[in-house]
Protein chains: 2
Amino acid sequence: MEAGRQRQGRLWSNLKEVCDLLRIATISTVAADELLFQHVQFKTGQRIHTIGQPFDTLYIVNSGFLKTVLIDEFGNEQVLSFPMKGDMLGVDGIHTRHYSSEAVALSDCDLILLPFKKLTALGRVHLELENVMYGVMSRELVREQAMIGMLGALSAEARVARFLVALAERFALMGYSSKLFNLRMTRHEIGSYLGLTLETVSRTLSAFNEIGLITVDQRTIGIKDPDALKTLRRLPPSRSRAKQLAAARLKADAGAASPATATPMLATM
Amino acid sequence: MEAGRQRQGRLWSNLKEVCDLLRIATISTVAADELLFQHVQFKTGQRIHTIGQPFDTLYIVNSGFLKTVLIDEFGNEQVLSFPMKGDMLGVDGIHTRHYSSEAVALSDCDLILLPFKKLTALGRVHLELENVMYGVMSRELVREQAMIGMLGALSAEARVARFLVALAERFALMGYSSKLFNLRMTRHEIGSYLGLTLETVSRTLSAFNEIGLITVDQRTIGIKDPDALKTLRRLPPSRSRAKQLAAARLKADAGAASPATATPMLATM
DNA sequence: CGGGTCTTTGAACCACATCAAGGTCTGTGG
DNA sequence: CCACAGACCTTGATGTGGTTCAAAGACCCG
């Protein structure tokens, strides 16, 4: 079931397996096993990397659950993500060459090591690697943008609802049940992730339970009405600003830029 | 002053100029002007790209101010960022090959086009380009992480304070005054960006003004006490969880993973 | 079993949103 | 040049969603 082969008593994966794991299209057929990536195991509670630590490797989650956190000046954790199978870790370290977040295993984990030096060196030989990296980083960026939108605009209930839906979809992707699963994180961690307190998370779950949207038994969640959860929205839909928006657009697009050769896509919507 | 040269009545920039603009180290000395990137101008209010539009080019801001937004099902805008000189636009489109956000010019702008196809093709010739891209994308990711941390953990005052400080620092980087500058965005846009209402933004600015931290006159902001702004925090620093944190760490690191050849950095902090 | 961590639920509070009204600036056309 | 419209900003009054504080039940692991 698990990708990889034994060598020196360790698991290793080839490029194809890595790309499959990342759910990113592999364009080419690289001669399979001449380049292999090492696996490493971490136990629950262990830290994969810490803030400020010199960056030199990226990680891909092969199995297990983790959290990444920021830590403020008082030692308070801010959860940024809950990486699981197929997610990449450590990308935030590329820019400054120091990790800017901390990654902690929430369960026993199997990670694939991608030494960054090796990876860039490989770029010269296997050009499609470049696109794989762009794709993964872009995906992560989009995810974070959605997160910002959620934190900036949604009510507590909507956040919890979407969190559950997103989790369910991830579990489905991994081949697990999307109707019944166990949370690997505490209410406190969920709250931190969603910008809420643990009490609010707990109360919201209880409320969903009472309405019949889900069942809750400690960390076991049953999804009863995924559609209702998906469409749960912020309380006041904010009276329509559509009219003035449309007007502003027409006005703005009236005068137009006209580039020389290739006219850039000035969307008229 | 502005980078670039005329050709066909248009501005073009070479790779070195692009890297300088991005504030990313250029490793190598590429024969300068054999590869050039075209500039395009946009007027205030114009959209550079819209959500869902097919992705094919990245943009670098050479001058001017913009906003990027997400738009929800009711047409409400959620501001994601305020790109300015040296920032890259459109990275969110790489993953799905469709832009996932909308970019709008808040002032007249001069942007440099980076057709993505051309860029990846270039990667084969100019390998350092790869690292430039990784660096820029990683930087953007870190910025968004900080944003998530801010939205998840800080009070309204702290958010506004940090917003002003960040703006001041950006202006300083661009060679403008960091003590006195004009906001290019409305209170509504700031509020959306910070997850607040325009009224709260307005009130908070007024409050800072009264305390003497800043001066406010419509969109003209004077920074009086940058240090106070920088250290303004959320109201209850949340009673120290440092003790249990430390304990948990010791416990977690007790058992350790031991990879085969290269031992991965298991930080003991 | 017993201590620690996690979770639930209640009651009170308050930071921020909402609703509302008036003021300011800008561009436009008479 | 002035008047007017529309967008933006400020400030006050009021309401409430979510936090804070508190206490007790459930689970886990040695």
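Reminder, nothing fancy here: chain letters follow the sequence lines and each chain counts from 1.
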| request: Quickly, which of B:V165, B:L194, B:L154, B:I214 forms a side chain to side chain contact (heavy atoms under 4.5 Å, CB included) with B:V160? Name it, please. | output: B:L194

Is any side-chain N or O of [X] closer than 4.0 Å to OP1 or OP2 of [N]?
X: B:S206; N: D:dT11; answer: yes
X: B:T186; N: D:dA7; answer: no
X: A:R187; N: C:dT7; answer: yes

Whole-Å distance between [N] [atom2] and [X] [atom1]?
X: B:F208; N: D:dT10; atom1: CZ; atom2: P; value: 14 Å
X: B:N182; N: C:dT26; atom1: CG; atom2: P; value: 11 Å
X: B:L205; N: C:dC16; atom1: CG; atom2: P; value: 14 Å
X: B:L183; N: C:dC25; atom1: CG; atom2: C1'; value: 15 Å
X: B:E210; N: D:dT10; atom1: CD; atom2: P; value: 12 Å
X: A:N209; N: C:dT7; atom1: CG; atom2: C1'; value: 14 Å
X: B:I190; N: D:dC9; atom1: CD1; atom2: C1'; value: 11 Å

| said: Any non-hydrogen side-chain atom of A:K230 less than 4.5 Å from a side-chain atom of A:E169? | reply: yes

| note | Residues passing the salt bridge (charged side-chain N to carboxylate O under 4.0 Å, His left out) test with B:R187, sequence neighbours excluded, are none

| query | Can you name the salt bridge (charged side-chain N to carboxylate O under 4.0 Å, His left out) partners of A:E189, sequence neighbours left out? | reply | A:K67

| said: Looking at B:D87 and B:R170, is any side-chain nitrogen of the basic one under 4.0 Å from a carboxylate oxygen of the acidic one? | reply: yes

| query | Reckon A:G195 touches a base, only the sugar-phosphate, or nothing at all at heavy-atom distances under 4.0 Å? | reply | sugar-phosphate

| task | Describe the nucleic acid contact of A:L196 in one word from base, sugar-phosphate, nothing, applying a heavy-atom distance below 4.0 Å. | result | sugar-phosphate

| query | Can you list the residues that meet the ring pair (Phe, Tyr, Trp, His ring centres under 6.0 Å) rule with B:F208, with sequence neighbours excluded? | reply | none

| said: Checking side-chain polar atoms at under 3.5 Å, does A:D110 have a donor or acceptor matched by the opposite partner on A:S63? | reply: no

| Do B:T68 and B:S101 have side-chain atoms, one donor and one acceptor, less than 3.5 Å apart? | no

| Between the first and last five pairs of the helix from C:dC1-D:dG30 to C:dG30-D:dC1, the angle of the axes, rounded to 10 degrees | 40°

| request: Determine, stepwise, if the pair B:L111 / B:I60 fulfils side chain to side chain contact (heavy atoms under 4.5 Å, CB included). | output: CA-CA 6 Å; B:L111 306 186; B:I60 298 167; over 6 Å; no

| task | Nearest-nucleotide wise, let me know which of B:L198 and A:T200 is further upstream toward the 5' end of DNA chain D. | result | B:L198

| Got a sec? Which of residues 213-221 of chain A come in under 4.0 Å of DNA chain C, heavy atoms? | A:V216, A:Q218, A:R219

| Sole candidate of B:Y176, B:F65, B:F171 that passes ring-ring contact (aromatic ring centres under 6.0 Å, His included) when paired with B:F181 | B:F171

| said: Looking at every non-hydrogen atom in both residues, tell me the closest pair between A:V201 and A:G191 and how far apart they are. | reply: CG2-CA, 3.6 Å

| message | To the closest 0.5 Å, what do you measure between CG (B:N182) and OG1 (B:T220)? | response | 4.0 Å

Please list each protein N or O that sits under 3.5 Å from an N or O in nucleotides 10-12 of chain C, with the distance.
from, atom 1, to, atom 2, distance (Å)
C:dG10, N7, A:R203, NH1, 2.8
C:dG10, O6, A:R203, NH2, 3.2
C:dA11, N6, A:R203, NH2, 3.4

